[in-house]
Amino acid sequence: MNSLSLLCHWTMKPTCRILTSCRNSALFGFPPAKCYHGLAKKGNLSNFCVNFEQICQFQTNPFRVSGSGHVFNDALKASQVPSWSFGQSGVISRSYSVGTTSRGVSVIARLASKFRNLSTSIETRVNENNFERIYVQGGINVKPVTVERIDKDENVVREEESRIEVSDEKQNVSNQEGLDEAKVVNAQREYSDIEKDAWKLLRDSIVTYCGTPVGTVAANDPGDKQTLNYDQVFIRDFVPSALAFLLKGEGEIVKNFLLHTLQLQSWEKTVDCYSPGQGLMPASFKVRTVPLDGNKYEEVLDPDFGESAIGRVAPVDSGLWWIILLRAYGKITGDYALQERVDVQTGLKMILNLCLTDGFDMFPSLLVTDGSCMIDRRMGIHGHPLEIQALFYSALRCSREMLALNDGSKILVRAINNRLSALSFHIREYYWVDMKKINEIYRYKTEEYSTEATNKFNIYPEQIPLWLMDWIPEEGGYFIGNLQPAHMDFRFFTLGNLWSIVSSLGTPKQNDSVLNLIEAKWDDLVGHMPLKICYPALEFEEWRIITGSDPKNTPWSYHNGGSWPTLLWQVSLAWLDKYFEEFSFLWNWMS
């Protein structure tokens, strides 16, 4: 018998089948394989199956799966993650044939190993291996050019120069072979009608500049007569589209996007005769046609740094998303030459210098104005919003890996290490709330003047909203939306909490608690149209005061508790992160 059967039990029911095939993944780009459910045929060495008996529970909502498995069926499909089929018996399979076109296909253990090695997630546990889990190469044979030893948060300052960079010609050849094979695999895959429609819509939204693709518009609604700035290419909005193109083997549009936005970084930016600091990335840009002499025209890029935006708010998150996407491009394509370019290194340092500049703030978190991120309208998030801190943390880790080590960058790397250590402690310690923490806040003493004060931010227990105690589950918790002197914003902000999991900003226990809360409060956060951007919505007098009576952000609309399906790709990543963590013992054993 040439099959390996392992029995595992989850807390989900009824029994389910989880089937992943090599050719069935549009996003992750792995070729399909035939899997014979049950026992492998005797003498057939071309098939390798791993069987799992799983206990799963489905609720009435088609997106929901209860239990520690936490794998969304439809949600993963929406994000183009490998399709997981749920049935009576469980099979996670990977097969390979000797001497056939499906060469290079590895067993699921190698899939998981590659999955962890190509992510922006950097685990920070003590005495454990650090795995990266987010971005998966279209071809599983691609080897990274850079080998890095990730520092633990507890030792990042002392071990800041522990990275080892390895680059040789053989690895580059191997990378190219892996990419070529990925293109062949993607070409052979058959797409469903829904996937074909999705790709058609995505390609229809592509923006070209001088004949080359440079991004996708934020929204492409032919019936919209007032487009405002939705016909522009937004940095934050292009990220999920970029990942889809990368994992499909189409990296040209992403490379063009990164380079053109980098050129826009150096443009002069003024609002009422005042210019922000160097390194600011635009929120968006538009391709405009400018008439020249002799009936000739020229295409130009017109960036928006906030001087035209509603509310005139500078985009703090744009530079952070750009750094994250730059690293994803290198990890997925194997083209590390892009991030090693002098202009790219210069732009990277300009963003970091802008974020790490000393100011009046006493905290390691970034201080920003209202509307400076995905929630780009007045919603009471000014100060130190969680979304910015999670992206900041992830961007710092990506930058530390991509910065070329030389005498000029040592000081910057040291500053990054110091900030990472301080920021992770700050968020994990002061932003976290669960039943235990809420009870501690209820017993806080106020007006403490001492370096040893327990209530360091002078939080008054009366600030705890009435809805919180009944809403938060016993086994769950989350990171609050904001923290300032004498103020805690207890709203649940989805993007900030999800990205805290993806980037490993939270501890493993905290990450599990966040997912437990999302599962327990599924009807509140997901409902029939996923996914609420925040919970609860501002209503009545609170809405009038905080939003300024914003008619677009009425309760349960837009940024004020509205539904954003685009968050599904990030919630899928968060659950996959947990899924692979639960079976890390299996991946390590099989690899």
Side-chain angles (χ1 to χ4, degrees), residues 25-31 79-82 104-106 110-111 113-121 132-148 165-189 199 202-203 206 212-216 235 238-262 321-345 347-348 394-395 397-399 401-404 569 573:
S25 170
L27 183 61
F28 294 125
F30 292 97
S79 298
Q80 300 181 16
V81 184
V105 179
S106 175
R110 299 203 178 186
L111 184 155
S113 176
K114 292 294 180 184
F115 191 88
R116 293 176 178 278
N117 288 336
L118 296 174
S119 140
T120 58
S121 170
E132 302 175 329
R133 308 185 176 83
I134 306 309
Y135 302 113
V136 178
Q137 172 62 45
I140 61 177
N141 291 331
V142 176
K143 300 179 181 178
V145 182
T146 303
V147 177
E148 174 182 3
E165 300 219 356
V166 178
S167 177
D168 56 43
E169 187 174 348
K170 293 183 179 180
Q171 284 182 320
N172 291 331
V173 173
S174 177
N175 287 344
Q176 187 59 45
E177 290 177 353
L179 290 173
D180 293 340
E181 182 174 345
K183 294 179 180 178
V184 173
V185 169
N186 285 325
Q188 295 175 349
R189 185 186 180 280
W199 273 107
L202 184 59
R203 295 192 188 284
I206 292 178
T212 59
V214 293
T216 55
I235 289 186
F238 179 65
V239 170
S241 300
L243 295 179
F245 284 120
L246 287 174
L247 295 170
K248 200 172 186 295
E250 302 178 13
E252 179 189 5
I253 184 174
V254 182
K255 183 176 182 178
N256 294 337
F257 171 84
L258 290 169
L259 292 177
H260 283 298
T261 50
L262 179 66
W321 280 118
W322 186 88
I323 293 174
I324 294 171
L325 183 58
L326 176 64
R327 183 178 183 271
Y329 173 83
K331 286 290 182 180
I332 296 176
T333 65
D335 180 13
Y336 292 91
L338 178 64
Q339 68 189 42
E340 294 170 355
R341 287 176 42 157
V342 175
D343 55 343
V344 174
Q345 287 285 314
L348 179 61
S394 182
R397 286 195 174 274
C398 293
S399 301
E401 177 181 329
M402 293 186 294
L403 278 174
W569 74 273
L573 290 180

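This chain uses plain numbering: 1 for the first residue, then up along the sequence.
Shortest non-hydrogen contact noted between Gln339 and Gly330 is OE1-CA, 4.4 Å. Among all heavy-atom pairs drawn from Thr261 and Trp322, the shortest one is OG1-NE1, 3.1 Å. Gly347 and Leu262 make their closest contact through CA-CD1, 3.7 Å (heavy atoms, listed as atom of the first residue, atom of the second, distance). Of all non-hydrogen atoms in Asn256 and Pro213, the two that sit nearest each other are ND2-O, 3.0 Å. Between Cys398 and Ile323 the shortest heavy-atom distance is CB-CG2, 3.9 Å. A pairwise comparison of heavy atoms in Gly251 and Leu246 identifies CA-CD2, 3.9 Å as the closest pair.
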Stepwise side chain to side chain contact (heavy atoms under 4.5 Å, CB included) check, Val344 with Leu258: CA-CA 9 Å; Val344 174; Leu258 290 169; over 6 Å; no
Side chain to side chain contact (heavy atoms under 4.5 Å, CB included) between Leu202 and Ser241, intermediate numbers included: CA-CA 8 Å; Leu202 184 59; Ser241 300; 3.5 Å; yes
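Taken from CE in Met402 to OH in Tyr329, the straight-line distance is 13.0 Å, to the nearest 0.5 Å. Interatomic distance, OG of Ser394 versus CZ of Arg327, reported as 8.0 Å (0.5 Å rounding). For the atom pair CD1 of Ile206 and CZ of Arg203, the computed distance is 6.0 Å after rounding to the nearest 0.5 Å.
In this structure the side chain of Lys255 never reaches within 4.5 angstrom of the side chain of Thr333, judged on heavy atoms. For the pair Leu243 and Val254, the minimum side-chain heavy-atom distance is 4.5 Å or more. A 4.5 Å side-chain heavy-atom check between Leu259 and Leu338 finds at least one atom pair inside the cut-off.
With hydrogens and angles disregarded, no donor-acceptor distance shorter than 3.5 Å links the side chain of Glu340 to the backbone of Gln345.
Contacts of Phe245 classified as ring-ring contact (aromatic ring centres under 6.0 Å, His included), with partners at least two apart in sequence or in another chain: Trp199.
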